[in-house]
Amino acid sequence: MDNPMNNKGKLPIRAACLLTACAFIIYGFARGEAGVVLNKAVNICLECIGLG
Amino acid sequence: MIAKIRYAVKRKLLQIIAFGCSNAHVLNFKGGKLYTGKWKQFCNPGLNCYSCPAAGFACPIGALQAVNGSMQFTFSFYVTGLLLAFGVLLGRAVCGWLCPFGLLQELIHKIPSPKLHLKKGFLYLKYIILVVFVLILPVAVTDYMGMGKPAFCQYLCPAGTLEGGLFLLAAHESLRKAVGALFNLKMAILLLTVVGCVFCYRFFCRTLCPLGAIYGLFNKISLYHLEVDSHKCIGCGKCKEACQMEVDPVKTPGSPECIRCGACADICPTGAVCLGFSTKCGKTLP
Ligand code: SF4
Ligand code: SF4
């Protein structure tokens with residue numbers, strides 16, 4: 001049975017990924033990426049609907 | 001004693017709730033408007049087109065391409081961070097439990113027809129789509145202002161055509177007049193997806209979805225995971241038979257194709273298959 005790593009062994013990887021995720025989200029938010037997402041999402045995206 | 005609620009029931013309930021939360025603005029269908037509130041700066045965990053009138057959040061794949069292809073940025077820390085967080089916490093449980101387009105595909109698969117197996121080679125297509133259409137093209141092919149287009153949305157995404165395109169075109173004559181070859185291509189892909197899903201369980205998820213490809217990469221380390229207790233497993237193979245994603249949970253509990261649906265756990269006669277954030281199947285683990 002394929003259990004290459006036990007749950008404890010995965011903890012540091014999970015923690016590192018979660019910390020990186022938090023840092024990325026905060027940094028991206030701070031430099032205004034969420035505004036770009038919002039701007040794209042509140043207007044009809046012509047590419048999404050097959051016209052762009 | 002209250003009988004244990006089956007994963008099939010719990011999952012269907014959560015899928016319906018997630019579908020409703022992702023698409024709460026149903027009144028927007030009348031008049032073909034979009035929701036324009038602040039919540040749309042946040043991404044839905046599953047695939048759900050932000051040009052759907054009812055959508056309350058941004059689509060993560062659309063958002064990733066939009067930021068990567070924008071004039072200001074070439075890499076989105078924000079969306080990558082969100083995908084990393086969803087991936088580490090849930091892996092492809094997002095697909096099995098939260099994705100609106102996943103639920104739609106399961107409903108389509110209920111249409112009576114012969115059900116077919118998928119050749120293994122098709123499973124790799126979604127990784128090529130992720131790299132070429134989502135990561136490379138929006139950054140590499142830009143206009144004179146340095147802006148790239150969301151190539152996956154533009155050429156492939158059937159969720160956009162179904163949830164956004166058809167409803168918005170029905171509501172706006174001006175949009176209908178702009179229909180051309182690109183729309184016909186996307187309609188053909190939507191049709192292929194629907195027919196594929198009738199015959200093959202979650203055809204789009206398994207062959208084309210770049211978001212499923214991303215979350216699948218986390219299945220080996222995600223907090224929500226699947227374990228098989230080797231002391232309880234009698235090797236009957238019922239779990240493998242029950243898996244519609246064609247995974248053998250005994251051999252590959254961390255398979256990138258497993259959407260953590262729990263069908264294997266429901267059918268296991270000895271209760272050897274466990275799913276959860278922390279499971280009681282620790283004995284299999286060395
Ligand atoms: S593979 Fe894609 S469409 Fe399928 S459930 Fe996952 S995110 Fe949704
Ligand atoms: S291995 Fe089990 S949980 Fe995973 S997709 Fe198959 S039946 Fe669902």
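Proteins come first, then strands; the chains are lettered A, B, ... in the order of their sequence lines, and each starts at number 1.
Here B:L175 contributes atom CG and A:I44 contributes atom CD1; the two are 5.5 Å apart, rounded to the nearest 0.5 Å. A distance of 9.0 Å separates CD in A:E47 from OG in B:S51, rounded to the nearest 0.5 Å. Taken to the nearest 0.5 Å, the CD1 atom of A:I49 stands 13.0 Å off from the CD atom of B:E163. Once rounded to the nearest 0.5 Å, the distance linking CG of A:L46 with CG of B:L182 reads 10.5 Å. Note that CG of B:L84 and CG of A:L18 are 7.5 Å apart. Values are rounded to the nearest 0.5 Å.
When each of B:F86, B:W39, B:F183, B:F218 is scored by its heavy-atom pairs under 4.5 Å with chain A, the top score falls to B:F183. Options A:G35, A:A23, A:A21 differ in how many heavy-atom pairs under 4.5 Å they form with chain B, and the most are formed by A:A21. Of the residues considered (B:V67, B:L156, B:L83, B:D248), B:V67 shows the highest number of contacts with chain A, using heavy-atom pairs under 4.5 Å. Heavy-atom pairs under 4.5 Å with chain A peak, among B:P150, B:G32, B:A178, B:A85, at B:P150. Listed options B:T36, B:L64, B:V179 were ranked by heavy-atom pairs under 4.5 angstrom with chain A; first place goes to B:T36. Ranked by heavy-atom pairs under 4.5 Å with chain A, the first of B:V79, B:L82, B:T161 is B:L82. Interface remark: of the candidates B:C157, B:S76, B:A63, B:S76 forms the most heavy-atom pairs closer than 4.5 Å to chain A.
The main-chain N or O of B:V88 is never found under 3.5 Å from a side-chain atom of A:R14 such that the two would form a donor-acceptor pair. In this structure, A:E33 contributes its side chain and B:F77 its backbone to a donor-acceptor pair below 3.5 Å.
In this structure, the portion of A:N43 lying under 4.5 Å from any heavy atom of chain B is its backbone and not its side chain. Interface residue B:L89: only side-chain heavy atoms are found under 4.5 Å from chain A. Of the two parts of B:L169, only the side chain, counted from C-beta on, holds a non-hydrogen atom closer than 4.5 Å to a non-hydrogen atom of chain A. Only the side chain of B:L34 comes within contact range of chain A, with heavy atoms under 4.5 Å apart. Heavy atoms of B:S70 lying under 4.5 Å from chain A belong exclusively to its side chain.
Contact record, B:K186 with A:C48: NZ-O, 2.6 Å, taken as the closest heavy-atom pair. The two residues A:K40 and B:A66 come nearest to each other via the heavy atoms CG-CB, 3.7 Å. Across all non-hydrogen atoms, the minimal contact from B:G37 to A:V42 is O-CG1, 4.3 Å. Residues A:C45 and B:Y50 come closest through the heavy atom pair CB-CE1, 4.2 Å.
Using a 30° and 60° split on the angle between ring planes, B:F42 and A:F29 fall in the parallel class, below 30°.
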(request) Dump the intermediate steps for side-chain contact (heavy atoms from CB on, under 4.5 Å) on B:Y78 and A:R31, then the final yes or no. (result) CA-CA 9 Å; B:Y78 173 58; A:R31 66 177 194 156; over 6 Å; no
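Counted within 6.0 Å of CZ on B:F73, heavy atoms from surrounding residues, nucleotides or ligands total more than 12; the atom is thus considered enclosed.
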